[in-house]
Amino acid sequence: MKTKLFLITPPFTQLNTPYPATAYIKGFLNTKNISATQADLGIEVILKLFSKNGLEDLFKSKNQQPTTDNCKRIFALQDQYIKTIDSVIAFLQGKNPTLALQICQEDFLPEASRFAQ
């Protein structure tokens, strides 16, 4: 019976970049003909949160009461965030490079108050 390994990267391990350890381990195991599967729960959680459904759930949450001017602006622009999030995530994943021109347009993405400066 051949052993199969399932390597899991827990969510929020490294927030600024994908955590490479499990990918390196999986690659090494592959060179030794050891069957391994990898899952990055950090990426999966972020993709759930930053999706149309994730943002809709966030904005519907009864616990979210905007208190700062910037939060109030974000809630006021929630329809724009929900409308653009899936295409922006696809762009960031390299799946929609033609979106770059639209992103550069001033009116495509919703902007927080700091862009008014």
Side-chain angles (χ1 to χ4, degrees):
M1 183 172 158
K2 197 167 191 177
T3 303
K4 293 182 181 182
L5 297 176
F6 184 40
L7 306 169
I8 300 173
T9 303
F12 312 116
T13 302
Q14 188 168 331
L15 299 179
N16 62 340
T17 185
Y19 189 68
T22 50
Y24 289 145
I25 293 169
K26 182 184 182 312
F28 171 76
L29 293 171
N30 287 345
T31 67
K32 302 296 180 187
N33 293 321
I34 298 172
S35 178
T37 304
Q38 175 197 3
D40 187 333
L41 298 184
I43 291 173
E44 291 184 32
V45 167
I46 293 302
L47 291 177
K48 283 282 193 190
L49 290 172
F50 291 99
S51 67
K52 181 179 179 182
N53 291 337
L55 289 183
E56 286 173 340
D57 290 345
L58 175 71
F59 286 123
K60 286 179 191 173
S61 174
K62 300 293 183 205
N63 297 330
Q64 301 297 327
Q65 295 300 320
T67 55
T68 67
D69 288 341
N70 203 38
C71 284
K72 290 175 185 173
R73 181 178 173 88
I74 290 169
F75 272 79
L77 296 171
Q78 66 181 289
D79 290 339
Q80 285 181 274
Y81 283 103
I82 291 167
K83 182 177 92 175
T84 58
I85 190 64
D86 287 338
S87 58
V88 169
I89 292 296
F91 169 76
L92 292 172
Q93 292 177 318
K95 297 175 183 173
N96 188 4
T98 61
L99 190 67
L101 293 173
Q102 285 181 280
I103 288 174
C104 291
Q105 300 298 315
E106 200 170 299
D107 61 343
F108 179 71
L109 293 176
E111 296 178 345
S113 58
R114 70 180 176 171
F115 285 91
Q117 298 175 354

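All figures in this text were calculated on a predicted structure; none of them were measured in a lab. Throughout, residue positions are numbered sequentially from 1 according to the sequence presented.
Separation of atoms CG (Asp79) and CD (Glu56) is listed at 9.5 Å; rounding is to 0.5 Å. Between Asp57 atom CG and Lys52 atom NZ the span is 12.0 Å, to the nearest 0.5 Å. In this structure, CD1 on Ile74 lies 9.5 Å from CG on Leu58, to the nearest 0.5 angstrom.
In terms of heavy atoms, Val45 sits closest to Pro11 at CG2-CB, 3.9 Å. The nearest pair of heavy atoms linking Gln38 to Thr22 is NE2-OG1, 3.1 Å. Residues Asn30 and Ala36 approach most closely at OD1-N, 4.5 Å, considering heavy atoms. Between Ser87 and Phe108, the closest heavy-atom pair is OG-CZ, 4.1 Å. Across all their heavy atoms, Ser51 and Asp86 have their closest contact at CA-OD1, 3.4 Å. The minimum heavy-atom distance between Ile89 and Leu47, with the atom names listed, is CG2-CD2, 3.6 Å.
Ring pair Phe75/Phe59 is perpendicular by interplanar angle, where above 60° counts as perpendicular and below 30° as parallel.
The hydrophobic cluster containing Tyr19 does not contain Leu41, counting ILVMFWY residues as joined when their side-chain heavy atoms lie under 4.5 angstrom apart, directly or transitively. Taken together through direct or relayed side-chain contacts under 4.5 Å among Ile, Leu, Val, Met, Phe, Trp and Tyr, Ile82 and Phe50 form part of one hydrophobic cluster. The hydrophobic cluster containing Ile8 does not contain Ile25, counting ILVMFWY residues as joined when their side-chain heavy atoms lie under 4.5 angstrom apart, directly or transitively.
With Ile85 as the fixed residue, the side-chain contact (heavy atoms from CB on, under 4.5 Å) test singles out one of Leu49, Asn53, Leu55, Leu109: Leu55.
Side-chain atoms of Asn96 never come within 3.5 Å of backbone atoms of Ala90 as a donor-acceptor pair (strictly under, hydrogens ignored).
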